[in-house]
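Everything below concerns the one structure shown next.
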Amino acid sequence: MTKKKSLGTICIQGGWEPKNGEPRQLPIYQSTTFKYTTSEQMGRLFDLEESEYFYTSLSNRTNDAVSAKICVLEGGVGAMLTSSGQAANFYAVLNLCQAGDHIISTATIYGGTTNLFTVTLPKMGISCTLVNPDAPAEEIAKEFRPNTKAVFGETIANPALTVLDIEKFAKLAHDHGVPLIVDNTFATPINCRPFEWGADIVTHSTTKYMDGHAMTVGGCIVDSGNFDWEAHHDKFTGLTEPDESYHGIVYTQKFGKLAYITKATSQLMRDLGSIQSPQHAFLINIGLETLHLRMPRHCENALKVAEYLKSREDVAWVNYPGLPGDKYYELAQKYMPNGTCGVISFGLTGGRAAAAEFMDKLKFCSIETHVADSRTAVLHPASHTHRQLTDEQLVEAGVDPSMIRFSVGIEDAEDIIEDIRQALED
Ligand SMILES: *Cc1c(COP(=O)(O)O)cnc(C)c1O
């Protein structure tokens, strides 16, 4: 799109601009490969001299339309789809780090990402220090080392629902010559655009609100193009020095602001292959077309449900950053004045046993290992995702044994509240 459009228009029209006589809906380019007439042209594609399509593992027109849409929504310069949110976070870090390097991440991040950073990456020689996101900047600053290559956090953490002080973390990262990577899955660019607050790279699990219908697992990495890799040449030699696997290409010299995404695509995707399928990209695009309509409704419903829960005597506590009085309300107002997300957590006075009974009595709010779906879903981390932990270990992991994670959908709020009421009372 030539002129800058607002977010809703990008959700509907971004990424795919058909020319005269071309399909109105984004086509699924269901082909692993693309045809050329001269051997020389194919050679130029392999040398990254031309950016036409040649192998879906590196680029596909359906996938590119969807990544372009997400890129514009976030205000970035380049983006790449991945097969999952896990792959997006893995590649986002691995594109900057190698054995011997170190990253800093907030402790309150998605469990799968904690595991990736503290168990799997260390096996590859990349270490991670977890920090309390609310600690003073001076304290977090002490965790930087000469080999630190990135800082990571989640806009709204899943399931802790802490809100990241993006400006604080961006300043910390930049003062130490490294980029800030923000997982913006829960807020989505409809509610927060981390680049506007200084983040350098954004990741998504598109599996959540972007898809929105619990259809496809997927991820995306978006680069703002703002981080000056050359200014820290020796830290990021993977980007600033010749890549022997591409005839000595220097990504920063050849691709400028697109260096990071080009390296992620042409090197990591080539070697590791966590590609998104064009079929799934098509479905993600259908989800994206209504993201700007669904997010406000998720937030409106979640606030009503949070207020209702807060008013009940048998509810011991409620966490929702959109709820006035919440520990993260002020930060949420700063970074997400139009709304946060649809996920709430709460505990019943009856604790763990009451949580299980409550969930069993729900009628249409279903028990699922999923969040951010258009349907309301509920999970008890102590009995499900974290069931191997004792109550003591749960508290250490920041998961209250009574915690119910409630992902408020876009049904009618009064029906969701009535389902909760009858499950607590009848
Ligand atoms: C779900 C989730 C992930 C992992 O995404 P998958 O698509 O399930 O691999 C990463 N980060 C956050 C914040 C998530 O909610």
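Side-chain atoms are counted along with the backbone in the values below, which use heavy atoms only and exclude waters and symmetry mates. Counting convention: from 1, in listed order, for ligands and their atoms alike.
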Enumerated ligand 1 atoms positioned under 4.0 Å from heavy atoms of [X]:
X	value
Glu154	13 (C)
Asn158	14 (C), 15 (O)
Gly218	7 (O)

Candidate with minimal heavy-atom separation from atom 5 (O) of ligand 1, of Pro159, Ser205, Gly112, Ala372:
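Looking at heavy atoms only, the winner is Ser205.
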
Of the listed options Thr185, Asn184, Asp183, closest to atom 11 (N) of ligand 1 (non-hydrogen atoms)
Asp183

Tell me the protein heavy atom at minimum distance from [atom], and give that distance in Å.
atom	result
atom 9 (O) of ligand 1	Gln86 N, 2.9 Å
atom 6 (P) of ligand 1	Gly85 N, 3.4 Å
atom 7 (O) of ligand 1	Thr207 OG1, 2.6 Å

Might you point out which heavy atoms bring Phe406 and Cys365 nearest each other, and give the distance in Å?
CZ-SG, 4.0 Å

Rounded to the nearest 0.5 Å, what's the gap from [atom1] on [X] to [atom2] on [Y]? Could you check?
X	Y	atom1	atom2	result
Tyr91	Ile221	OH	CD1	8.5 Å
Asn147	Ser127	CG	OG	6.0 Å
Asn115	Leu121	CG	CG	10.5 Å

Check for me whether Ala88 has a heavy atom closer than 4.0 Å to any atom of ligand 1.
no

Decide whether an N or O pair under 3.5 Å exists between Lys208 and ligand 1.
yes

Nitrogen or oxygen atoms of Phe186 and ligand 1 under 3.5 Å apart:
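In fact, backbone or side chain, Phe186 has no N or O that close.
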
For this output row, return yes or no: ring centroids of Phe117 and Phe152 closer than 6.0 angstrom.
yes

Phe227 ring center within less than 6.0 Å of His232 ring center:
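Ring centres of Phe227 and His232 closer than 6.0 Å.
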
Among Asp200, Asp234, Asp101, exactly one meets salt bridge (charged side-chain N to carboxylate O under 4.0 Å, His left out) together with Lys149. Which residue is that?
Asp101

Quick one: does NZ or CZ of Lys208 land under 6.0 Å from the six-membered ring centre of Tyr110, within 45 degrees of the ring axis?
yes

